Amino acid sequence: MRPALLEVSDNSLPIVQQETFGPVLTIQRFCEETDAIALANDSEYGLSASVWTRDLDRALRVAQALEVGSVFVNDWAKVYDSTEEGGFKLSGLGRLNGVAALDDFIEYKHVALKPGRSEQSVRKPSRDGER
């Protein structure tokens, strides 16, 4: 697609609901922070998002509420080898980069051990009654 900036009033349009990889940006108006979060989360996808604000508390609150794998605050698409990258919902499974990327190569095992002493660990009393 050619670079485009689209003002959208219908959140059900494919340009909003599908992952569009291209130079396209949609703009949606909202009145309250909760409205913005609801609009952003109203999708089957959740790759990434950005929050632009001078209010650090708002940035962290909104980032926590967004159903996406990466949230950029006052920035966009900065990816580092040391941090995980991946999406939520239909935007993919697993993670690239960071410690979480190792999960694809690890088999986890749960071992449950019953507490207590085994017969071998119990010393038999000596002749004078000591243990």
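Because the structure is a prediction, the values reported are computed rather than measured.
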Looking at [atom1] of [X] and [atom2] of [Y], how far apart are the two atoms once the value is rounded to the nearest 0.5 Å?
{"X": "Gln18", "Y": "Ser43", "atom1": "CD", "atom2": "OG", "value": "9.0 Å"}
{"X": "Asp35", "Y": "Gln28", "atom1": "CG", "atom2": "CD", "value": "11.5 Å"}
{"X": "Asp42", "Y": "Asn11", "atom1": "CG", "atom2": "CG", "value": "4.5 Å"}
{"X": "Glu44", "Y": "Glu67", "atom1": "CD", "atom2": "CD", "value": "12.0 Å"}

Original post:
Do you know the tightest heavy-atom contact between Ala49 and Leu66?
Top reply: CB-CD1, 3.8 Å
Subject >> Over all atoms of both residues, closest heavy-atom pair of Tyr45 and Gln17 >> reply: CD1-O, 3.1 Å
Subject >> Cluster overlap Leu60 with Val71, hydrophobic side-chain contacts below 4.5 Å >> reply: no
Taking the side chain as C-beta and beyond, is there a heavy-atom pair between [X] and [Y] under 4.5 Å?
{"X": "Glu7", "Y": "Arg29", "result": "yes"}
{"X": "Ile27", "Y": "Leu6", "result": "no"}
{"X": "Val51", "Y": "Asn74", "result": "no"}

**OP:** Check the pair Phe30 / Leu39 against side chain to side chain contact (heavy atoms under 4.5 Å, CB included), numbers first and verdict last.
**Re:** CA-CA 9 Å; Phe30 59 90; Leu39 284 169; 4.2 Å; yes
Original post:
Between Thr53 and Asp55, do the side chains contain an N or O donor and an N or O acceptor separated by less than 3.5 Å?
Top reply: no
Original post:
For Arg61 and Glu33, what are the C-alpha separation, side-chain angles and deciding distance, and is it a side chain to side chain contact (heavy atoms under 4.5 Å, CB included)?
Top reply: CA-CA 10 Å; Arg61 185 174 57 245; Glu33 180 180 303; 2.7 Å; yes
